[in-house]
Amino acid sequence: MTAYYNEIDRHCCDWLSNLMDAEMITPGRIDDRSIVDVGPDDLDGYERVHFFAGIGGWDRALNLAGWRGSVWTGSCPCPPFSSAARGRRAGFQDHRDFWPAWRSLIAARAPGVVFGEQVAHGSAWIDRTSDDLEAMDYEVGAAVLPAVGVGKDHTRPRVYFVGYADRDGQPSLRVDGEVAGLRRDRGLSRGVVQTDGLPARMAVFSAFGNAIVPELAAEFIGAAMTACTLASQPWGSEK
């Protein structure tokens with residue numbers, strides 16, 4: 001298995017390299033260019049393609065979920081839609097809104113499965129993403145899930161989504177918090193789905209902002225696999 005990691009933050013790229021050396025994430029290529037400079041041909045031959053890769057949380061989540069086969073993942077930068085002051089919430093007019101660039105690559109390569117996440121209150125973002133994926137013949141499922149649902153001590157709700165190529169005879173995708181087996185209430189969430197999470201070597205202060213919660217993403221991936229029997233289907237084919 002080989003992987004492609006696209007990440008412009010050099011600090012995160014260094015960690016990705018270290019994690020590959022330590023066999024903590026799938027080995028492959030680290031591309032530190034902006035996604036706008038990546039062409040469809042650059043993605044030839046990779047089974048896992050990670051955009052906005054951060055410190056490899058999506059790859060870790062796929063491993064935790066027991067994923068097999070080809071897949072694309074991405075966590076588009078959240079500042080355009082974040083409630084944090086530095087985000088300014090410029091939305092679609094923000095120069096850091098990179099979904100259009102990712103969408104173009106998805107359209108060109110037609111990966112079988114795409115996973116991603118965004119801040120939970122970015123409803124306009126997930127609506128646009130879903131509409132765009134459906135226009136490319138993907139079925140889309142999404143759920144707002146909190147980090148406390150996997151025993152973390154912070155809420156950090158995020159909307160996770162999956163798109164899979166529409167194929168005749170496949171069930172419609174339905175993924176939500178209940179399917180994922182997660183508890184949303186902070187008082188009930190402690191101790192739920194306790195796992196090791198990111199390896200300790202990933203826990204670098206400046207990299208936390210570029211990280212998802214892998215256990216939570218793994219729960220969502222597992223729910224999608226259950227809902228659509230992804231593990232036994234050839235979802236990873238491309239054009």
Side-chain angles (χ1 to χ4, degrees), residues 1-80 95-118 129 158 160-163 196-218 220-221 235-239:
M1 181 185 299
T2 57
Y4 169 90
Y5 301 86
N6 181 245
E7 173 57 57
I8 63 171
D9 187 313
R10 282 305 316 169
H11 180 71
C12 290
C13 289
D14 290 342
W15 272 103
L16 288 169
S17 179
N18 291 338
L19 292 164
M20 284 185 199
D21 291 343
E23 299 182 349
M24 293 180 177
I25 60 174
T26 304
R29 175 189 175 191
I30 301 170
D31 185 351
D32 64 0
R33 295 177 297 167
S34 169
I35 188 174
V36 300
D37 297 321
V38 177
D41 291 344
D42 293 321
L43 308 175
D44 283 341
Y46 297 105
E47 293 179 82
R48 292 184 179 183
V49 175
H50 302 299
F51 288 100
F52 321 103
I55 55 174
W58 271 109
D59 198 77
R60 172 72 171 168
L62 290 166
N63 291 338
L64 289 173
W67 180 269
R68 298 186 299 277
S70 300
V71 63
W72 282 26
T73 75
S75 296
C76 288
C78 66
H95 69 279
R96 295 164 294 182
D97 175 26
F98 289 114
W99 166 251
W102 191 20
R103 176 186 62 207
S104 295
L105 292 170
I106 293 171
R109 297 297 309 214
V113 182
V114 179
F115 285 106
E117 60 89 38
Q118 182 57 270
T129 300
R158 293 290 187 271
Y160 287 83
F161 73 88
V162 57
D196 292 336
L198 281 169
R201 293 186 61 189
M202 286 188 179
V204 179
F205 296 120
S206 62
F208 275 137
N210 291 295
I212 62 170
V213 178
E215 305 96 326
L216 191 58
F220 183 79
I221 293 167
W235 295 104
S237 60
E238 296 180 351
K239 289 181 180 177

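Among all heavy-atom pairs drawn from Ala218 and Leu64, the shortest one is CB-CB, 3.8 Å. Among all heavy-atom pairs drawn from Ile25 and Gly56, the shortest one is CG2-O, 4.1 Å. For the pair Gly54 and Glu7, the tightest heavy-atom approach, listed with the atom from each and the gap, is N-OE1, 2.7 Å. Taking all atoms of both residues into account, the shortest heavy-atom contact from Phe98 to Ser34 is CE2-OG, 4.3 Å. Closest non-hydrogen pair, Arg158 versus Glu117, comes out as CD-OE1, 3.2 Å. The two residues Ile212 and Gly57 make their nearest non-hydrogen contact at CD1-C, 3.7 Å.
Distance CH2/Trp72 to CZ/Phe115: 14.5 Å, rounded to 0.5 Å. Atom-to-atom distance recorded for Phe52:CZ and Ile35:CD1 is 3.5 Å, nearest 0.5 angstrom. If you take OH on Tyr46 and OH on Tyr4, they are separated by 7.5 Å, rounding to the nearest 0.5 Å. Taking CZ of Arg10 as the reference point, atom CD1 of Ile8 lies at 11.5 Å (rounded to 0.5 Å). Once rounded to the nearest 0.5 Å, the distance linking CG of Asn63 with CD1 of Ile221 reads 9.0 Å. Remark: Asp59 CG to Met24 CE distance equals 13.0 Å, nearest 0.5 Å.
Looking only at distances, a side-chain donor or acceptor of Asn6 sits under 3.5 Å from a matching main-chain atom of Arg33. When atom types are taken as modelled, the side chain of Ser104 and the backbone of Pro100 share a donor-acceptor pair closer than 3.5 angstrom. Asp42 places a side-chain N or O within donor-acceptor distance of the main-chain N or O of Gly39, the cut-off being under 3.5 Å.
Thr2 places none of its side-chain heavy atoms less than 4.5 Å from the side chain of Pro27. Between Trp58 and Val71 there is no side-chain heavy-atom pair separated by less than 4.5 Å. You'll find the side chain of Val38 reaches within 4.5 Å of the side chain of Leu43, heavy atoms only. Side-chain contact check for Thr73 versus Arg48: every heavy-atom pair is 4.5 Å or farther apart.
Classified by interplanar angle (parallel below 30°, tilted 30° to 60°, perpendicular above 60°), the ring pair Phe161/Trp99 is perpendicular. Using cut-offs of 30° and 60° on the angle between ring planes, the pair Tyr5 and His50 is tilted.
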Point to revise | Derivation of the side chain to side chain contact (heavy atoms under 4.5 Å, CB included) call for Asp44 and Arg109 | key: CA-CA 9 Å; Asp44 283 341; Arg109 297 297 309 214; 2.4 Å; yes
Exercise for review: Report the C-alpha distance between Val49 and Leu105 in whole Å, list the side-chain angles of each, state the deciding distance to 0.1 Å, and finish with yes or no for side chain to side chain contact (heavy atoms under 4.5 Å, CB included).
Suggested key: CA-CA 11 Å; Val49 175; Leu105 292 170; over 6 Å; no
Check your understanding: Does the side chain to side chain contact (heavy atoms under 4.5 Å, CB included) test come out yes or no for Ile30 and Met20, once each step is laid out?
Key -> CA-CA 10 Å; Ile30 301 170; Met20 284 185 199; 3.5 Å; yes
